Amino acid sequence: VRDVMTCKMTGLPTQTAVAIQYAYAGTWRTLVKTTSRTGAAYMSFVFKAKGTWYLRAVIGSNKTYYTTIGTNLRLRVV
């Protein structure tokens with residue numbers, strides 16, 4: 001059993017679409033997605049496969065911001 005990872009994003013307008021994506025076979029795939037409520041978005045997920053994974057956050061456009069793709073993050077699952 002792997003640890004559950006939790007991500008909290010704050011400072012978002014309410015009803016903003018948020019996703020965590022991972023790179024696999026040269027493409028980005030959605031791992032988890034949600035919509036922010038009261039200025040924050042909360043997501044939990046588990047990686048069951050060992051290896052090195054690359055993650056990024058994608059924040060949908062809203063009344064304040066354009067769609068934003070975050071910097072890639074390297075995650076090593078042992």
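Each residue takes its place number in the sequence, starting with 1. On a predicted model such as this, the values are computed, not experimentally measured, just so you know. Note that these values count all heavy atoms, side chains included, but never hydrogens, waters or copies made by symmetry.
For P13 against S36, the heavy-atom pair with the smallest separation is O-OG, 2.6 Å. The two atoms that bring V18 and A41 nearest to each other are CG2-CB, 4.0 Å, heavy atoms only. Annotation for T14 and R37: closest pair CG2-CA, 4.4 Å, computed over non-hydrogen atoms.
Considering CE of M43 and OG1 of T6, their distance stands at 10.0 Å, rounded to 0.5 Å. Rounded to the nearest 0.5 angstrom, L73 CG and Y54 OH are separated by 10.0 Å. Distance CD/Q21 to NZ/K33: 10.0 Å, rounded to 0.5 Å. In this structure, OG1 in T16 is found 8.5 Å from NZ in K63, a value given to the nearest 0.5 Å.
Counting only distance, with no hydrogens or angles, the side chain of S44 and the backbone of Y42 share no donor-acceptor pair below 3.5 Å.
Note: the hydrophobic cluster containing V58 does not contain L75 (ILVMFWY, side chain heavy atoms under 4.5 Å, direct or indirect links).
Within 6.0 Å of CZ in R29 there are more than 12 heavy atoms belonging to other residues, nucleotides or ligands. The number of heavy-atom neighbours closer than 6.0 Å to OH of Y24, taken from other residues, nucleotides and ligands shown, is 12 or below.
Between W28 and Y22, the distance from one ring center to the other does not fall under 6.0 angstrom.
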query = Run the side-chain contact (heavy atoms from CB on, under 4.5 Å) check on Q15 and N62 step by step: do they pass?
reply = CA-CA 8 Å; Q15 296 298 314; N62 53 59; over 6 Å; no

Criterion side-chain contact (heavy atoms from CB on, under 4.5 Å) on V77 and W53, from CA distance to verdict = CA-CA 8 Å; V77 179; W53 298 91; 3.9 Å; yes

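Residues I20 and R56 are not in side-chain contact: their nearest non-hydrogen atoms beyond the backbone lie 4.5 Å or more apart. The side-chain heavy atoms of Y65 and L12, taken from C-beta on, include no pair separated by under 4.5 Å.
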